[in-house]
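These notes are about the structure you will find just below.
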Amino acid sequence: MNKHWASLDGLRGVLALGVVLLHFDVNILTRRLFGMPPLWMDLAVDVFFLLSGFVLTHSVRNGTSFPIFAVKRLLRLLPIYYVTTLATMLVVPQLPGDLWAELFVAGPFLSRNPVNFPAWSICFELYLPLLAVLLPIRLPAKLVRPALVVALLACGACMMAFEEGRAMYAPRAICGLIAGHLLYRAKLEFRAPFDLAALCVIGLILAASFAPAITFLIPFAASAAILAGTQAEGRLFASAPVLWLGSISYTLYLVHVPVLYALGKWIEPAVSESPIVSLAGIAASLALATMLTKLVERPAMALSARLFPRHVASRGV
């Protein structure tokens with residue numbers, strides 16, 4: 001396996017853009033303007049967890065010390081998190097009383113969303129891998145593949161529960177990260193055109209909007225796409241525009257929320273009522289994500305690489 005899989009970055013970028021389109025009410029606008037059924041990309045986050053579990057397991061495949069892993073993880077996640085959280089606090093309609101939780105990315109532990117609400121997933125992306133490295137529990141090899149099937153089914157159950165209105169934040173994160181870890185350890189191969197496999201994942205996420213039972217297929221389809229992406233690059237998902245989305249995906253995932261709140265605070269009409277306002281917000285989010293990736297995220301990753309030259313930081317969340 002290669003150290004880096006560009007097509008997986010591309011998939012992550014497209015999914016992040018899907019989350020942005022969801023929050024800017026593009027589905028509401030398309031339903032109002034064209035009579036299309038509402039389509040949601042909220043389950044893209046579950047695929048993020050699978051990807052992270054897989055990539056992080058690869059990054060520590062030869063072992064790592066907890067201090068090194070912890071510093072690298074903090075440098076990977078926190079700089080953009082803090083910048084976008086501060087920006088959100090300046091424009092959000094109301095601040096919570098326990099602002100200290102924002103410093104420690106601990107909102108979900110207090111049964112609430114962070115101020116920058118998509119960052120609920122960052123809480124688990126930070127603390128669960130740290131816990132896994134601090135307290136390693138290695139499943140015997142003969143149990144990995146059966147456990148993977150169970151974990152993927154659990155992912156599907158959590159996703160269905162979420163579609164039915166239950167938050168399921170911690171279970172979704174735990175099951176997704178564990179499933180990604182087991183997928184790497186299972187040493188499976190799946191050879192298929194990556195573009196087709198990735199498009200199937202996106203199609204299933206959209207189809208789950210009106211057929212919730214489809215959610216059980218999404219973890220298996222995402223696993224197949226991840227495996228396909230480790231064998232061969234796609235053409236579409238490794239194209240320059242999609243790779244650009246992948247390169248800014250983490251920043252885009254977090255920076256679009258302060259843009260959304262700023263538009264709601266200073267501009268009329270509402271995003272859900274104006275295609276122009278919605279498209280302007282999306283464009284501003286892409287521009288800011290590109291700028292902050294260059295000014296904040298990449299310098300932090302470069303610092304990590306200088307501090308630990310033998311432990312190259314994994315890309316992606």
Side-chain angles (χ1 to χ4, degrees), residues 1 4-19 41-61 73 76-77 118 120-129 132 139 144-163 168-190 192 194 196-208 214-231 234 237 246 249-250 253 314-317:
M1 291 185 180
H4 177 64
W5 304 289
S7 290
L8 297 185
D9 271 355
L11 175 59
R12 185 185 291 108
V14 172
L15 293 174
L17 180 61
V19 173
M41 283 292 289
D42 44 1
L43 297 178
V45 178
D46 299 82
V47 181
F48 291 155
F49 288 131
L50 267 170
L51 281 164
S52 291
F54 187 90
V55 172
L56 286 173
T57 303
H58 176 74
S59 72
V60 299
R61 65 196 180 281
R73 201 70 186 137
R76 178 69 188 92
L77 296 179
W120 72 266
S121 65
I122 308 306
C123 168
F124 298 107
E125 290 269 11
L126 175 63
Y127 289 111
L128 291 181
L139 196 67
V144 167
R145 292 186 178 183
L148 172 61
V149 175
V150 173
L152 292 175
L153 288 171
C155 287
C158 291
M159 293 163 77
M160 175 171 275
F162 175 73
E163 289 293 276
M168 302 298 292
Y169 288 159
R172 289 166 67 197
I174 292 169
C175 291
L177 288 166
I178 289 176
H181 165 75
L182 294 172
L183 180 64
Y184 185 89
R185 286 196 58 204
K187 302 185 186 310
L188 298 169
E189 289 190 5
F190 180 72
F194 178 79
L196 178 61
L199 289 172
C200 284
V201 174
I202 295 169
L204 288 171
I205 292 173
L206 294 173
I214 289 177
T215 57
F216 277 97
L217 299 177
I218 296 173
F220 292 92
S223 297
I226 291 170
L227 293 175
T230 66
Q231 301 299 320
F237 284 85
S249 58
Y250 176 52
Y253 179 70
S314 60
R315 294 180 65 176
V317 174

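A quick note: this is a predicted structure, and the numbers were derived from the prediction, not measured. Values reported hereafter were calculated over all heavy atoms of this structure, with side chains retained and with hydrogens, waters and symmetry mates removed.
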Before you tell me yes or no, could you show the steps for Glu189 and Thr230 under side-chain contact (heavy atoms from CB on, under 4.5 Å), namely the whole-Å CA-CA distance, both residues' side-chain angles and the distance that decides it to 0.1 Å? CA-CA 9 Å; Glu189 289 190 5; Thr230 66; over 6 Å; no
Go through Val55 and Ile226 one step at a time and tell me if the side-chain contact (heavy atoms from CB on, under 4.5 Å) criterion holds. CA-CA 10 Å; Val55 172; Ile226 291 170; over 6 Å; no
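- Judged by distance alone, the side chains of Glu163 and Thr215 never bring a donor and an acceptor atom under 3.5 Å apart.
- The CG atom of Leu182 lies 8.0 Å from the OG1 atom of Thr57; values are rounded to the nearest 0.5 Å.
- The shortest side-chain heavy-atom distance between Leu183 and Leu152 does not fall under the 4.5 Å cut-off.
- Among all heavy-atom pairs drawn from Phe190 and Ala192, the shortest one is CE2-CB, 3.4 Å.
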Start with the C-alpha gap between Phe48 and Arg12, add the side-chain angles, then the distance that decides, and say whether side-chain contact (heavy atoms from CB on, under 4.5 Å) holds. CA-CA 7 Å; Phe48 291 155; Arg12 185 185 291 108; 3.8 Å; yes
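- Between Ala228 and Ala197, the closest heavy-atom pair is CB-CB, 4.5 Å.
- Ring centers of Phe49 and Phe124: at least 6.0 Å apart, outside the cut-off.
- Ile214 has its side chain out of reach of Ile205: every pair of non-hydrogen atoms, C-beta onward, lies at least 4.5 Å apart.
- If you take CZ on Arg145 and NZ on Lys187, they are separated by 9.5 Å, rounding to the nearest 0.5 Å.
- The side-chain heavy atoms of Leu153 and Phe220, taken from C-beta on, include a pair separated by under 4.5 Å.
- Side-chain contact between Glu125 and Arg73 is present, with at least one heavy-atom pair separated by less than 4.5 Å.
- By the side-chain contact (heavy atoms from CB on, under 4.5 Å) test, Cys175 is found to be paired with Ala154, Cys155, Cys158, residues two or more places apart in sequence or in another chain being considered.
- The two residues Met41 and Gly18 come nearest to each other via the heavy atoms CB-O, 3.6 Å.
- Side-chain contact between Ile174 and Ile178 is present, with heavy atoms from C-beta onward closer than 4.5 Å.
- For the atom pair Leu227 CG and Tyr184 OH, the distance stands at 11.5 Å (nearest 0.5 Å).
- Applying the salt bridge (charged side-chain N to carboxylate O under 4.0 Å, His left out) test to pairs two or more places apart or on separate chains, those with a residue in residues 169-178 are Asp46-Arg172.
- Note that CG of Leu15 is 9.0 Å distant from OG of Ser249, once rounded to the nearest 0.5 Å.
- Between Phe54 and Trp5 the shortest side-chain heavy-atom distance falls below 4.5 Å.
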Using side-chain contact (heavy atoms from CB on, under 4.5 Å), reason through Asp9 and Phe237 one step at a time and then give a plain yes or no. CA-CA 8 Å; Asp9 271 355; Phe237 284 85; over 6 Å; no
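- The shortest distance between side-chain heavy atoms of Arg185 and Leu139 falls below 4.5 Å.
- Going from atom CG of Leu126 over to atom CZ of Arg76 covers 12.0 Å, rounded to the nearest 0.5 Å.
- In terms of the side-chain contact (heavy atoms from CB on, under 4.5 Å) criterion, residue partners of Ala221 (sequence neighbours excluded) are, by chain and number, Val201, Leu204.
- Ile218 CD1 to Cys200 SG: the interatomic distance, rounded to the nearest 0.5 Å, is 12.0 Å.
- The nearest pair of heavy atoms linking Pro219 to Leu50 is O-CD1, 3.9 Å.
- For the residue pair Ser121 and Tyr253, the shortest heavy atom distance occurs at OG-OH, 2.9 Å.
- Between Phe162 and Tyr169, the ring planes are tilted. Angles from 30° to 60° get that label.
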